[in-house]
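The block underneath contains the structure these notes are about, expressed in structure tokens.
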Amino acid sequence: MSTGNTDTTPVDDGVANQNTTVAEGHQLITEGQITMHYPKSENSVFYNPVQVQNRDLSVLMIGMYAERRMERMWIAKKRKEVRKSMTQRLREEAEAAKAKEGHNNDDHVSKKKETKEERKAKLAQFELDLEAQVANEKSSVNFTKLTQESSQTTDGMSIFEALAASGLRSLRYWKELPGVRTVVVNDLDPVAVDMARENVVRNGFVDDLVVAGAHDDVGDDAMNDDDDNNTQQQPNISNYHNVRPRGIQLQVGDATHEMYISRLSPTLHPNQSSSIQLRYQKTQYDVIDLDPYGSAAPFMDAAVQSVVNGGMLAVTCTDMAALGGSHPETCYGRYGAFPIQRSGYLQELALRILLYHMSVVAGRYGRTIKPILSVGMAFYCRVFVEVYDDKAGVNNLSLNHGHLFQSTKCSSFHVTPVATNGFVTAQQQQNSGSGDAKDMKKAGNVYRNGRGPGDLGEPVCGETGAPYKIGGPLWTGPLHDMDVVNDAIDRLESAKTNDGTNPSGGSPVHPLHTANTLHGLLVTVSEELQDVPLYHLLPSLCSSVNSQTIPMASFKAALVNAGYRVSAYHKDPQAVKTNAPNHVVWDIVRAYCKENPPHKRKESKKHRKGENQGSTAPHRPDIDVATKILSNEMRMKKVDFTIPKGFGEGRKKATRWARNPEANWGPKKAASGKNKKRKEEVVNEEEKMLGDTVGEPCAKQSKT
């Protein structure tokens, strides 16, 4: 498929059993290992070729998740086995020692009791020995091979695509992902499901189709109630299946309904549930993909409940008009957060509002989220999040939320936490190697309300004296799991020298058309500061004081020379992420303006006279923002724009901030679906009725 992309990775057309004859009025679309025929003139089923990058990224990230999932399953099973064997061995040793002691010692001599500290040390050593044995056995396991083999076993992965449209994404998952046991292709529109069925046939997956409802529920036999005794018996588990059948399942249905009836944990024993639950509830999914036309918010509550513990949510939101601040009232209604209109950092703010919403919804059910990758792509957001049962983590949720205070006159902003906890902060610092255990003892495990910029010494904007406008709440935790991101980069680089596939056999199993663009995206993500929310736009900073734009390398060098950290942002090449406070950023701008005086902005006649438009009454005009910022006294003694030796060296070679994928790219109109078909049927019926009438009145009636 030609997308106008700069990637050179070939598109693999080799799909077995495909019918290459293209029907009249259709076009042949090949993406990854899947082909489909798509109507040229109508939009009955939604398909946007621009989002091939979205689907390629999903194949890569879910494929990697499948391997991590298999590794976690193996470790949990092995840890249980080792614990059982070690406990049995210790029990036998204790019994042998006790028997030996009974023969050697007098019955009146009492044995010294084990102290609490000794028992604690003994348990700690037991856990260390257990982990060491598990790690030793893990080193010889090929998890890539285990993942591939799991598709034929009950350990295989189940995927639910809630809004499948043509089914192209689902079929790519089935064909290109390792370890997939079940893919459920769901859409509310029968026309879309019909096209998905055609694509299943066209790509040779007919034998993989399974009937909806087969083995999914318990059946009538599970309702084993004794009417004579009028008492409910234990459910009959003979027909209970906690694993979905292997294959592709096509269904016309409401996505939220399907997810709400799929909330049984696969590890839950049937005896722990009532017969009603077993009859009307299905097991949770390992992966749920939400890619709606617009916002994913209506599906979020059901999604966070119907994914397994440790499962993945892959979510797309295309309602950037709301998330980006053009319609803040809509954003607040959907996500419970208020964006900042016309802000330079709107792309990252949109991601953080979405993650905030997901974390709050998950927290209602004692679950937490772990962002794996959160990116802005083209005209939408795409996040990959793992969901865990973690009630203790829910208690710390407020520590990963914050409020945004944006100056009303310039680019200065502050992000402050919703709450603080000294004990948790000290614990995190100790885990990262930068803290001390003494700090944990001193800090109380108490959650306290966060403070505003006034407690930071700036009740108003420190540069202009203007008040703040408040945005948020927003997610202030990490956007990405850097271990996964770096692993993905290594896989793409290895695949580049191996015809687009991973030489170790893991994901990507097949070539990805947008591999070069994905590599550039992930490399830029890996270079971002992970603990710094939001960013400045360098052109916006300079335009505020009527200055020419400072060279990016010089601006970053000044921050580094001042002892601060700085990075770019994956969505905007003009972004500057830094842990430097606002006054340092503006001091660098002021220092540059001293060396390169900005041009004075021309004043209008009205401004020079100090008159309001439409009024003859004189008034004092506001102090010019640029003049106010430049007249502030610098707090930095010296600003050094010298680029340090080796600055920027060691960066990976990558295609950062790739060009638009095609001409006139962007969102497409929503699919017409069955409504268009019904409309055509009505029009045909009307034309037939009009054709039965004769004479002039017919023409007049037609015009009317």
Side-chain angles (χ1 to χ4, degrees), residues 340 343-345 347-349 352 402-407 409-417 429 434 451-466 468 471 474 476-479 524 527-545 547 549-596 625-626 628-644 646-648 651:
I340 300 294
S343 60
Y345 43 69
Q347 294 289 343
E348 184 178 347
L349 181 58
R352 293 189 178 276
H403 295 294
L404 173 60
F405 296 84
Q406 170 65 56
S407 171
K409 292 292 186 182
C410 69
S411 302
S412 300
F413 65 87
H414 297 278
V415 177
T416 62
Q429 291 174 348
S434 61
R451 306 297 178 87
D455 296 292
L456 304 175
E458 288 192 9
V460 294
C461 176
E463 301 301 323
T464 62
Y468 294 110
L474 67 154
T476 57
L479 294 178
T524 313
E527 297 168 346
E528 291 179 7
L529 295 178
Q530 298 303 305
D531 56 346
V532 178
L534 308 184
Y535 54 84
H536 297 278
L537 283 182
L538 187 54
S540 178
L541 289 171
C542 296
S543 65
S544 298
V545 294
S547 168
T549 302
I550 305 173
M552 181 63 76
S554 300
F555 190 84
K556 289 183 176 180
L559 287 167
V560 171
N561 292 333
Y564 297 99
R565 294 176 295 136
V566 63
S567 77
Y569 181 69
H570 67 268
K571 187 66 171 66
D572 198 324
Q574 300 297 332
V576 177
K577 288 177 74 73
T578 179
N579 63 335
N582 291 316
H583 72 85
V584 171
V585 173
W586 286 112
D587 277 353
I588 294 174
V589 175
R590 280 187 278 266
Y592 183 83
C593 289
K594 285 183 179 180
E595 299 177 5
N596 305 271
V625 172
K628 180 71 173 69
I629 293 174
L630 294 177
S631 62
N632 288 338
E633 184 178 352
M634 291 182 58
R635 301 190 206 179
M636 296 177 66
K637 295 181 179 179
K638 182 182 178 182
V639 176
D640 185 6
F641 289 101
T642 304
I643 298 177
F647 181 73
R651 297 177 70 200

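Of the residues listed (Leu538, Leu541, Leu537), the one engaging Thr549 in a side-chain contact (heavy atoms from CB on, under 4.5 Å) is Leu538, and it is the only one. The one candidate from Glu463, Glu595, Glu633 that meets the salt bridge (charged side-chain N to carboxylate O under 4.0 Å, His left out) condition with Arg590 is Glu463. Of the candidates Ile588, Asp640, Ile643, Asp640 is the only one forming a side-chain contact (heavy atoms from CB on, under 4.5 Å) with Asn561.
Across all their heavy atoms, His536 and Val585 have their closest contact at NE2-CG2, 4.0 Å. The shortest non-hydrogen separation linking Arg352 to Pro533 is NH2-CA, 3.7 Å. Considering all non-hydrogen atoms of both residues, Tyr564 and Pro581 come closest at CE2-CD, 3.7 Å. Thr578 and Leu529 make their closest contact through CA-CD1, 3.9 Å (heavy atoms, listed as atom of the first residue, atom of the second, distance). Nearest approach of Phe641 to Ala591, heavy atoms of both residues: CE1-CB, 4.1 Å.
Below 30°, between 30° and 60°, or above 60°: for Tyr345 and Tyr535 the angle between ring planes is above 60°, a perpendicular geometry.
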Might you work through the side chain to side chain contact (heavy atoms under 4.5 Å, CB included) test for Thr416 and Arg451, ending with a clear yes or no? CA-CA 7 Å; Thr416 62; Arg451 306 297 178 87; over 6 Å; no
Criterion side chain to side chain contact (heavy atoms under 4.5 Å, CB included) on Met634 and Val639, from CA distance to verdict: CA-CA 10 Å; Met634 291 182 58; Val639 176; 3.7 Å; yes
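The side-chain heavy atoms of Val576 and Met552, taken from C-beta on, include a pair separated by under 4.5 Å. Side-chain contact between Val589 and Tyr592 is absent, with no heavy-atom pair separated by less than 4.5 Å.
Leu404 CG to Ile340 CD1: the interatomic distance, rounded to the nearest 0.5 Å, is 5.0 Å. Atom CD1 of Ile550 sits about 6.5 Å away from atom SG of Cys593, to the nearest 0.5 Å. Interatomic distance, CG of Asn582 versus OG of Ser407, reported as 8.5 Å (0.5 Å rounding). Within the model, atoms SG of Cys461 and CZ of Phe405 stand 13.5 Å from one another, a figure rounded to the nearest 0.5 Å. We find the CD1-OG distance between Ile629 and Ser547 to be 11.5 Å, quoted to the nearest 0.5 Å. A distance of 10.0 Å separates CH2 in Trp586 from CG in Asn632, rounded to the nearest 0.5 Å.
Checked by atom type and distance alone, the side chain of Ser544 never pairs as donor or acceptor with a backbone atom of Cys410 at under 3.5 Å. Side-chain N or O atoms of Glu528 include one that pairs as donor or acceptor with a backbone N or O of His570 at under 3.5 Å. Between the side chain of Gln406 and the backbone N or O of Tyr468, no donor-acceptor pair lies under 3.5 Å.
For residues 564-582, every residue pair satisfying the salt bridge (Lys or Arg N to Asp or Glu O under 4.0 Å) rule, not counting sequence neighbours, is listed here: Glu348-Lys577, Asp531-Arg565.
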